[in-house]
Amino acid sequence: MEITARAPGMIILAGEHAVVHGYTAVASSIDLYTVVSLRLHSENEDSTRLQLEDVGLDFSWPIKRIKEVLSHLGSPFSSTPTLCSLETVKSITALVDEQSFPETRIGLASGVCAFLWLYTSVLGFKPGTVIVTSELPLGAALGSSAAYCVALSAALPAFSDSMKLDVNKWAFEEEKIIHGRPFVVDNSVSTFGSMTGIDSNMPLRMLIANTKVGRDTKALIANVSARKSRHPDALCCVLNAIESISKEWSTIIQSHTVDDLSVTANEERLRELMEMNQGLLLSIGVTHASIETVLQTAMKHNLASKLTGAGGGGCWLTFTYLYPRSSSL
C-alpha cells in the first residue's frame, strides 16, 4: 500500500520578516506542488529510506542505527508535536552526517534532519521508503520547504497508530529545524491554501520571476533579528510600517468593487504599497542587487515589483492588474 500527499508552494505579498516578529503578513498559495509518497516495508526489510528525486539524492538508514540514536522518539505517537530539542537535533544531525552529501547540496541537510525527526516521531521504527518530488525550485522564496514539511506531515500519519494529527503544527516544528525561526505564515498557507485569513474573490495577476541567486533563509532571518537587537526602536518602526502595508493590502483585496474606476484606483494603491514595502525591506538589509536592478527596470514601465520571502535573491513579484473588471463580467 502506498500513500501520497501533496502541498502547494506560496508567495508573500506583504509582510516579509515582520511576520517572524508577530506582525501581520499577506500571503497566498500558488499552483505549484510538492508531492510525498510513502510505502512501508515488510518486517524483513530493515531500513528507512528518503529519495529526493528532483535533486537525485537517495538516503538510507538501518532501523537498528536509528534506534541507537533516537530511541527516545520511538514512544507512543502524539497528535500534537513536542519541541525538537537541541540535543535531539544534534543526534539527528549525526545520523545525517553519516550520509554522503554532494558539496553543492549540503544546504539540504537540515531538510533531511526534519524528515528523520518527523518520520521517527510519527512512525517510530517502522521501515519504509519516502519519495519526494516537487514542481517548486529550491531556495527561491516560493515556500518549497513549507510545502515539503506539510506534504510529509500529511502523508506519514496514514500508517501511524492514530490518524489524528495537526498537520500545520507538525509542519511548523519541521520548519523550525530547517530555518531556526521560520516565517509562521508559510506552513499555514501551504496547509490551508488560498490567502491568509482573507475573504476575497478578487484574483490578482502577478508575474513571478526567479533571480536564480541562492540565499540562506535562516541566515537572513537571523540577520534581521540581530539588527533588531542593535536598533530596537528603529526596527520596530520599520516593522510597524510593514504591518500597516499588509493591513492596507488586506483591505484592498477584500473590497468587492468591480467597476473600472474603483479597480483602477485600487491597482494604483497596490503598486504604491509594493514600492513602499520593497523600500522598507531594503532598509533592513534583505534585498539583493539582482532584485534592485529588476525593480528599476519595472519602474520604467510603470510596474511595481518587490521581493517575496526572505530576500537575498530568490524570486520577485511584479504586480500587473486586478480582475475581473466590469467589462469582463
Fill in: Glu243 side chain to Thr24 backbone, donor-acceptor under 3.5 Å
yes
Practice prompt. List the steps and the verdict of side chain to side chain contact (heavy atoms under 4.5 Å, CB included) for Phe172 and Asn168.
Written response: CA-CA 6 Å; Phe172 183 57; Asn168 192 37; 5.6 Å; no
Practice prompt. Give a yes or no answer on whether the side chain of Ser144 reaches the backbone of Leu136 with a donor-acceptor pair at less than 3.5 Å.
Written response: no
Worksheet entry | Spacing of CE belonging to Met206 relative to CH2 belonging to Trp316, to within rounding of 0.5 Å | 14.0 Å
Item to complete: Taking the side chain as every heavy atom from C-beta outward, state whether Ile208 and Thr308 have any atom pair closer than 4.5 Å.
Response: no
Practice prompt. May I ask you to decide if Gly314's main-chain N or O and Thr211's side chain share a donor-acceptor pair within less than 3.5 Å?
Written response: yes
Worksheet item: What closest approach, in Å, do Gly312 and Val213 show between heavy atoms, and which atom pair accounts for it?
Response: O-CG1, 3.9 Å
Worksheet item: Do Leu273 and Ile252 have side-chain heavy atoms sitting under 4.5 Å apart?
Response: yes
Worksheet item: Is Asp54 reaching over with its side chain to a backbone N or O of Ser134, donor-acceptor style, under 3.5 angstrom?
Response: yes
Discussion item. Show, in sequence, the C-alpha distance, side-chain angles and deciding distance for Arg269 and Glu272, and conclude whether the salt bridge (Lys or Arg N to Asp or Glu O under 4.0 Å) test is met.
Written reply: CA-CA 5 Å; Arg269 289 173 67 193; Glu272 290 177 348; over 6 Å; no
Response to the item:
Between Ile221 and Pro182 the two heavy atoms that sit nearest each other are CD1-CA, 4.2 Å
Worksheet item: Are any non-hydrogen side-chain atoms of Trp61 and Leu70 less than 4.5 angstrom apart?
Response: no
Worksheet item: Would a distance-only check, ignoring hydrogens and angles, find a side-chain to backbone donor-acceptor pair under 3.5 Å from Ser153 to Val150?
Response: no
Discussion item. Please say yes or no: joined through hydrophobic side-chain contacts below 4.5 Å, possibly via intermediate residues, are Leu152 and Val96 part of one cluster?
Written reply: yes
Discussion item. One thing to verify: whether Glu173 and Lys176 come together as a salt bridge, which I'm taking to mean a side-chain N less than 4.0 angstrom from a carboxylate O.
Written reply: yes
Discussion item. Is there a continuous path of hydrophobic side-chain contacts, each under 4.5 Å between heavy atoms, that joins Val238 to Ile291?
Written reply: yes
Discussion item. Looking at Asn187, is its backbone amide N or carbonyl O close enough to the side chain of Thr191 to form a donor-acceptor pair, meaning the two atoms are under 3.5 Å apart?
Written reply: yes
Response to the item:
Here the gap from Thr133 atom OG1 to Ile131 atom CD1, rounded to the nearest 0.5 Å, amounts to 8.5 Å
Discussion item. Please give me the minimum heavy-atom distance between Pro157 and Leu165, naming the atom from each residue.
Written reply: CG-CD2, 3.4 Å
Worksheet entry | Between CG on residue Leu239 and CD1 on residue Ile284, distance to nearest 0.5 Å | 6.5 Å
Item to complete: Please name all residues satisfying ring pair (Phe, Tyr, Trp, His ring centres under 6.0 Å) with Phe101, sequence neighbours left out, ordered by chain then number.
Response: Phe59
Discussion item. Hydrogens and angles aside, do His179 and Ser145 bring a side-chain donor and acceptor to less than 3.5 Å of each other?
Written reply: yes
Fill in: Residue pairs passing the salt bridge (Lys or Arg N to Asp or Glu O under 4.0 Å) test where at least one lies in residues 293-309, sequence neighbours excluded
Glu16-Lys306
Worksheet item: What's the spacing between Leu73 CG and Ile66 CD1 if we round to 0.5 Å?
Response: 10.5 Å
Fill in: Inter- and intrachain pairs under salt bridge (Lys or Arg N to Asp or Glu O under 4.0 Å), touching residues 215-232, at least two apart
none
Discussion item. For the backbone of Ala289 and the side chain of Thr293, can you confirm whether one donor and one acceptor N or O come within less than 3.5 Å of each other?
Written reply: yes
Worksheet entry | Which atom of Val286 lies closest to which atom of Ala310, heavy atoms considered | CB-O, 3.6 Å
Worksheet item: Are Pro62 and Ser47 side-chain neighbours, meaning at least one heavy-atom pair lies under 4.5 Å?
Response: no
Discussion item. If only side-chain N and O atoms count, and only distance matters, is there a donor-acceptor pair under 3.5 Å linking Ser305 with Gln278?
Written reply: no
Worksheet item: Met276 and Val26: same hydrophobic cluster, using ILVMFWY side-chain contacts below 4.5 Å?
Response: yes
Worksheet entry | Residues in side-chain contact (heavy atoms from CB on, under 4.5 Å) contact with Val55, at least two apart in sequence or another chain | Leu52, Leu57, Arg105, Leu108, Leu138
Worksheet item: Going by distance alone, is a donor N or O of one side chain under 3.5 Å from an acceptor N or O of the other, for Thr287 and Glu292?
Response: yes
Discussion item. Quick check on the hydrophobic clustering: are Val36 and Phe192 connected, directly or via other members, by side-chain heavy-atom contacts under 4.5 Å?
Written reply: no
Worksheet item: For Tyr148, which residues count as a ring pair (Phe, Tyr, Trp, His ring centres under 6.0 Å) partner, sequence neighbours excluded?
Response: none
Item to complete: Among Tyr119, Trp117, Phe115, find the one that has a ring pair (Phe, Tyr, Trp, His ring centres under 6.0 Å) with Trp170.
Response: Trp117
Discussion item. Side chains of Thr48 and Leu50, heavy atoms from C-beta outward: is any pair under 4.5 Å?
Written reply: no
Practice prompt. Mark yes or no for whether His288, through its side chain, and Ser290, through its backbone, hold a donor-acceptor pair below 3.5 Å.
Written response: yes
Discussion item. If hydrophobic clusters are built by linking Ile, Leu, Val, Met, Phe, Trp and Tyr wherever their side-chain heavy atoms come under 4.5 Å apart, do Val185 and Val167 end up in the same one?
Written reply: no
Worksheet item: More than 12 non-hydrogen atoms from neighbouring residues, nucleotides or ligands closer than 6.0 Å to CG on Leu261, yes or no?
Response: no
Worksheet item: Run the side chain to side chain contact (heavy atoms under 4.5 Å, CB included) check on Phe125 and Thr120 step by step: do they pass?
Response: CA-CA 6 Å; Phe125 307 114; Thr120 309; 3.8 Å; yes
Worksheet item: Where do Gly9 and Ala147 come nearest, in terms of heavy atoms and distance?
Response: N-CB, 4.3 Å
Item to complete: Over all heavy atoms of both residues, which pair between Ala155 and Ile3 is shortest? Give the atoms and the distance, please.
Response: O-CG2, 3.9 Å
Practice prompt. State the CG-CG distance between Leu295 and Leu307, to the nearest 0.5 angstrom.
Written response: 8.0 Å
Worksheet item: Side chains of Leu123 and Leu38: closer than 4.5 Å at any heavy-atom pair?
Response: yes
Discussion item. Could you walk me through whether Ile11 and Cys315 satisfy the side chain to side chain contact (heavy atoms under 4.5 Å, CB included) test, starting with their C-alpha distance in whole Å, then the side-chain angles of each, then the deciding distance to 0.1 Å, before giving a yes or no?
Written reply: CA-CA 9 Å; Ile11 53 173; Cys315 287; over 6 Å; no
Fill in: Residue pairs, two or more places apart or on separate chains, that pass ring pair (Phe, Tyr, Trp, His ring centres under 6.0 Å) and touch residues 17-42
His17-Phe183
Worksheet item: Is the shortest heavy-atom distance from the side chain of Asp46 to the side chain of Pro127 under 4.5 Å?
Response: no
Worksheet entry | N/O donor-acceptor pair under 3.5 Å between Ser29 side chain and Ser194 backbone | yes
Discussion item. Could you measure the distance from the CD atom of Gln99 to the CG atom of Asp58? Nearest 0.5 Å is fine.
Written reply: 9.0 Å
Discussion item. Quick one, Arg271 and Met274 - any side-chain contact, counting heavy atoms below 4.5 Å?
Written reply: no
Discussion item. With side chain to side chain contact (heavy atoms under 4.5 Å, CB included) as the criterion, how do Ile177 and Ile92 come out once you've worked through the C-alpha distance, each side chain's angles and the decisive distance to 0.1 Å?
Written reply: CA-CA 10 Å; Ile177 295 172; Ile92 295 173; 5.5 Å; no
